[in-house]
Amino acid sequence: MKPAPFEYHAPRTVEAALDLLESEGPDARVIAGGQSLVPMLALRLARPEALIDLNRIPELSGIRKEGSTIHIGAMTRQAHALASSLVFEQLPLLHYGLEHVGHPPTRARGTIGGSLSHADPAAETPAVMLAYQARMVLRSKQGERVIPAEEFTFGTFETALEEGEILTEIRVDARPEEGTSLVELSRRRGDFAMASAAARMSLAEDGTCASAHLIIGAVAPVPLRFDAVTDALKGRTITESLVREAVELMDLDQFEFDNVDISLAYRRKIGPVLAERALLQAFNRAEGLRK
Amino acid sequence: MTHHQVELTVNGSKVSMQVEPRQSLADALRSQLGLTGTHLGCEHGVCGACTIIVDGEPVRGCLMLGVQAEGAEVLTVEGVSPSEGLSPIQEALREHHGLQCGFCTPGMVMALHHLFTITPSPSEDEINEAISGQLCRCTGYQGIVSAAKAVAQKQRENRSHDTTVNGKENSCRSA
Ligand code: FES
Ligand code: FES
């Protein structure tokens with residue numbers, strides 16, 4: 001047993017959780033799947049006075065489609081989302097991203113909302129949600145607000161969540177017609193990425209690129225969007241050489257992380273390589289959908 | 001700090017245990033229930049030695065709190081071991097040098113147990129994926145993978161035997 005002592009509450013509704021968050025004050029923390037928070041407790045990097053457990057709140061989990069929007073409950077398990085055909089068909093990038101998240105036992109407990117709220121710069125879900133321009137639903141005693149993904153994550157372990165607020169749902173527009181890809185380099189299978197690239201691409205009637213998105217993760221406090229690259233692809237016929245030229249347009253000054261074991265120079269080397277692979281794979285998958 | 005009384009099912013028996021909130025489920029299984037088959041290596045989610053099955057899913061027992069197991073169905077290595085001798089997975093691990101010090105073994109057994117429950121004859125890729133979260137510092141994994149492949153092979157043989165015994169072909173099964 002390694003964590004410092006804390007009190008434990010398991011509310012059954014979001015309302016009850018918000019009441020507890022208010023009454024317990026700033027020294028209480030919400031626990032979702034616990035795959036990041038429990039290690040932090042064990043290492044005493046986190047020492048909350050109380051934990052408010054969201055695992056007993058059924059309204060927070062599940063994936064459903066309403067019109068053309070996919071609603072993902074924040075407590076939806078990563079394993080559940082990975083196995084979901086709705087996700088695979090409508091939000092394939094989330095599926096491919098989740099394949100890289102941890103291992104079967106961590107995905108069985110780990111949640112989509114927990115990973116987003118933890119905001120590890122090397123995590124895949126924030127990059128995926130940025131690529132999809134998802135909307136985050138935050139609830140507090142004061143009510144509900146909905147903010148875009150790019151305003152939700154704003155630093156290493158930093159999000160727009162205010163005191164007393166809980167991420168309850170993620171809303172994403174269904175994108176069944178696109179090719180997507182998420183590729184990354186990590187030292188071991190399931191380990192955190194040294195750099196990752198997420199790409200989406202849709203093709204026009206004539207086979208040219210109609211729209212594309214490129215996000216690079218794990219190289220800066222937040223995942224980075226590279227519109228200059230994808231702008232250079234729009235309206236063009238995708239070829240390997242075109243993609244190779246386009247990734248040259250990446251502004252590598254935006255890369256920031258420089259560690260003893262993974263240098264900035266190395267990240268700047270692999271970033272464009274991963275971008276190229278992701279864009280080409282997304283293109284190939286988009287082509288496959290047209291056949 | 002408040003202690004909590006937790007009622008759960010472990011290896012098919014209803015049990016009750018008193019835990020501190022900060023105790024992990026693996027910790028509680030070991031110290032409150034005396035089920036020391038589940039090992040704790042790192043106690044912070046890295047090694048997988050603590051892998052158990054909770055409500056049908058493999059989980060890291062050190063990343064779940066004992067208090068969170070209220071009402072849960074837990075399966076540990078004690079629950080998958082016959083009262084005498086070894087289970088087919090355990091036997092194969094011994095046969096194929098799938099363990100040396102044995103510290104990772106309970107977690108490996110549980111990860112493989114879950115794999116074989118949902119995928120009776122898994123491919124090598126599926127085996128690798130299933131044990132990707134389990135660290136072994138001794139074997140180099142080859143023996144563990146060979147053991148799992150041997151179990152998969154046996155299951156395939158048993159099932160094709162079943163088909164002939166029943167006298168009917170079943171292409172889904174042999175696929
Ligand atoms: S003891 Fe649980 S993962 Fe190491
Ligand atoms: S047998 Fe020693 S750690 Fe696996």
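What's counted below: heavy atoms across the whole structure, side chains too, no hydrogens, waters or symmetry copies. A, B, ... follow the sequence lines: proteins, then strands. Residue 1 opens every chain.
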Asks: Examine A/Arg29 relative to A/Phe6 and say whether NZ or CZ is less than 6.0 Å from the centre of the six-membered ring and inside a 45° cone about the ring axis.
Replies: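 So A/Arg29 doesn't make the cation-pi contact.
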
Asks: Checking A/Arg188 against chain B: side chain, backbone, both or neither under 4.5 Å from a heavy atom?
Replies: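 Contact with chain B involves no heavy atom of A/Arg188 at all.
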
Asks: Less than 4.0 angstrom from a charged side-chain N to a carboxylate O is my criterion; do B/Glu124 and B/Lys149 meet it?
Replies: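 Looking at B/Lys149 together with B/Glu124, the answer is yes, because their closest N to O distance falls below 4.0 Å.
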
Asks: Checking heavy atoms, do the side chain of B/Gln68, its backbone, both or neither come under 4.5 Å from chain A?
Replies: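 The answer is both parts of B/Gln68.
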
Asks: Tell me, for B/Leu65 versus chain A, whether the close heavy atoms (under 4.5 Å) come from the side chain, the backbone, both or neither.
Replies: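 Interface part for B/Leu65: side chain.
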
Asks: Among B/Glu43, B/Glu129, B/Arg22, which residue has the highest count of heavy-atom pairs closer than 4.5 Å to chain A?
Replies: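 Greatest number of close heavy-atom pairs with chain A: B/Arg22.
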
Asks: Considering only heavy atoms, which portion of B/His114 lies under 4.5 Å from any heavy atom of chain A: side chain, backbone, both, or neither?
Replies: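 Neither part.
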
Asks: B/Glu70, B/Glu57, B/Glu20: which one forms the most heavy-atom pairs within less than 4.5 Å of chain A?
Replies: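 Greatest number of close heavy-atom pairs with chain A: B/Glu70.
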
Asks: Check each atom of A/Leu37 against the heavy atoms of chain B and say whether the ones under 4.5 Å are side chain, backbone, both or neither.
Replies: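 No part of A/Leu37 comes within 4.5 Å of chain B.
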
Asks: Please answer whether the main-chain N or O of B/Val77 pairs with a side-chain N or O of B/Ser81 as donor and acceptor at a distance below 3.5 Å.
Replies: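 Side chain of B/Ser81 to backbone of B/Val77, a donor-acceptor pair under 3.5 Å: yes, one is there.
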
Asks: Taking the side chain as everything from C-beta on, heavy atoms only, tell me whether A/Leu91 gets closer than 4.5 Å to A/Val128.
Replies: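 A/Leu91 vs A/Val128: side chains apart.
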
Asks: Tell me whether B/Arg60 contacts the main-chain N or O of B/Ile52 through its side chain, where contact means a donor paired with an acceptor under 3.5 Å.
Replies: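 No: the side chain of B/Arg60 does not pair with the backbone of B/Ile52.
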
Asks: Output the option from B/Gln134, B/Met110, B/Met64 having the highest count of non-hydrogen pairs under 4.5 Å with chain A.
Replies: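 Heavy-atom pair counts peak at B/Met64.
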
Asks: Which atoms of A/Leu43 are under 4.5 Å from chain B, going by heavy atoms: the side chain, the backbone, both sets, or neither?
Replies: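 The side chain, not the backbone.
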
Asks: Under the salt bridge (charged side-chain N to carboxylate O under 4.0 Å, His left out) rule, what do A/Arg187 and A/Asp261 come out as? Steps first, then yes or no, please.
Replies: CA-CA 11 Å; A/Arg187 287 226 168 85; A/Asp261 55 339; 3.7 Å; yes

Asks: Spell out, as yes or no, whether a donor-acceptor pair under 3.5 Å connects the side chain of A/His95 to the backbone of A/Leu82.
Replies: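 Side chain of A/His95 to backbone of A/Leu82: a pair is present.
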
Asks: Does A/Val183 offer a backbone N or O that forms a donor-acceptor pair with the side chain of A/Arg277 under 3.5 Å?
Replies: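 Absent.
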
Asks: By a 4.5 Å heavy-atom criterion (distance strictly below it), what part of A/Arg77 contacts chain B: side chain, backbone, both, or neither?
Replies: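 Neither part; nothing is under 4.5 Å.
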
Asks: Given that the side chain runs from C-beta out, which part of B/Gln23 has a heavy atom under 4.5 Å from chain A: side chain, backbone, both or neither?
Replies: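 Contact with chain A: backbone and side chain both.
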
Asks: Check whether B/Ser24 gets within reach of chain A through its side chain, its backbone, both or neither, counting any heavy atom under 4.5 Å.
Replies: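 For B/Ser24, no heavy atom lies under 4.5 Å from chain A.
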
